[in-house]
Amino acid sequence: PYNDSIQAQKNDVCRPGRYYEQPDNGVLNYPKRACQFNRTQLGDCSGIGDPTHYGYSTGQPCVFIKMNRVINFYAGANQSMNVTCVGKRDEDAENLGSFVMFPANGNIDLMYFPYYGKKFHVNYTQPLVAVKFLNVTPNVEVNVECR
């Protein structure tokens, strides 16, 4: 469902930085439209260039983070949210190395909220943040916390 062609076919191009509200105004507004979340936003972690390994085969694994679907939740208090990741302990931080996030800065835009529920928001695809670890220490358990 994240392929750009499917997103273009089923979902709207939305204006970033604002909630995509679709009130009923006394008349049932069904189904609700959803904003496009294109796979290409995930850059090196999109799976387009590495469709089966997502960086694991080269020692630069990608991990995906998504928010749970919460009906009528307005995320970010009118500001886009940014996911941040850190090593849980000092030794984790040393072994973690550097990483990049897709979309940039781990941004989850407001336009993907609110979510109206599976029955009403039939083509909704949850926004994702991909974290690509560039030089994590191999063969060492590293605990990472992303918020």
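For the pair Q7 (side chain) and N38 (backbone), a donor-acceptor distance under 3.5 Å is absent. Side-chain atoms of N95 do not come within 3.5 Å of backbone N or O of V142 as any donor-acceptor pair. In this structure, D50 contributes its side chain and Y54 its backbone to a donor-acceptor pair below 3.5 Å. Listed for the N107 side chain is no donor-acceptor partner under 3.5 Å among the backbone atoms of P103. Y19 contributes a side-chain N or O that, together with a main-chain N or O of N78, makes up a donor-acceptor pair within less than 3.5 Å. No side-chain donor-acceptor contact under 3.5 Å links R39 to the backbone of Y2. Although no hydrogens or angles enter the test, the distance criterion places no donor-acceptor pair under 3.5 Å between the side chain of Q60 and the main chain of K132.
Aromatic rings from Y30 and F120 are positioned such that their centres are separated by under 6.0 Å.
At least one side-chain heavy atom of M101 sits under 4.5 Å from a side-chain heavy atom of V83. Using a 4.5 Å cut-off on side-chain heavy atoms (C-beta onward), Q36 and D12 make no contact. In this structure the side chain of P114 reaches within 4.5 angstrom of the side chain of E21, judged on heavy atoms. The shortest distance between side-chain heavy atoms of M81 and M67 falls below 4.5 Å. Contact check for V144 versus F99: no side-chain heavy atoms found under the 4.5 Å cut-off. Side-chain contact check for D24 versus K32: some heavy-atom pair is nearer than 4.5 Å. Residues F73 and I71 fail the side-chain proximity criterion, which asks for heavy atoms closer than 4.5 Å. Within the 4.5 Å cutoff, no side-chain heavy atoms of V129 are placed close to those of F64.
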Residue pair T40, S46: steps toward the side chain to side chain contact (heavy atoms under 4.5 Å, CB included) verdict: CA-CA 6 Å; T40 51; S46 68; 5.8 Å; no
task: In sequence, state the C-alpha distance, the side-chain angles, and the governing distance for F133 and V131, and then conclude on side chain to side chain contact (heavy atoms under 4.5 Å, CB included).
output: CA-CA 6 Å; F133 298 98; V131 182; 3.7 Å; yes
task: Apply the test side chain to side chain contact (heavy atoms under 4.5 Å, CB included) to residues N143 and R89: give CA-CA distance (whole Å), side-chain angles for both, the deciding distance (0.1 Å), then the verdict.
output: CA-CA 8 Å; N143 294 294; R89 301 178 306 247; 3.2 Å; yes
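L128 and V63 fall within the same hydrophobic cluster, defined by Ile, Leu, Val, Met, Phe, Trp and Tyr side-chain heavy atoms under 4.5 Å apart, directly or through other members. The cluster map of Ile, Leu, Val, Met, Phe, Trp and Tyr, joined by side-chain heavy atoms under 4.5 Å apart, puts F37 and I65 in the same cluster. Linking Ile, Leu, Val, Met, Phe, Trp and Tyr residues whenever their side-chain heavy atoms come within less than 4.5 Å leaves V13 and M111 in two separate clusters. Criterion: ILVMFWY side-chain heavy atoms under 4.5 Å apart, direct or through other members. Under it, Y74 and L110 are part of a common hydrophobic cluster. Hydrophobic clustering keeps L96 apart from L134 (ILVMFWY residues linked when any side-chain heavy atoms are closer than 4.5 Å, directly or through intermediates).
R15 and D109 are not joined by a salt bridge, as no carboxylate oxygen comes within less than 4.0 angstrom of a charged side-chain nitrogen.
Going from atom OH of Y112 over to atom OH of Y20 covers 12.0 Å, rounded to the nearest 0.5 Å.
Using cut-offs of 30° and 60° for the angle between ring planes, the Y115 and Y124 rings count as tilted.
Between the side chains of N123 and N11, not a single donor N or O lies within less than 3.5 Å of an accepting N or O. No hydrogens or angles considered: nothing links the side chains of Q22 and R33 as a donor-acceptor pair under 3.5 Å.
Closest non-hydrogen pair, N135 versus S98, comes out as OD1-N, 2.7 Å.
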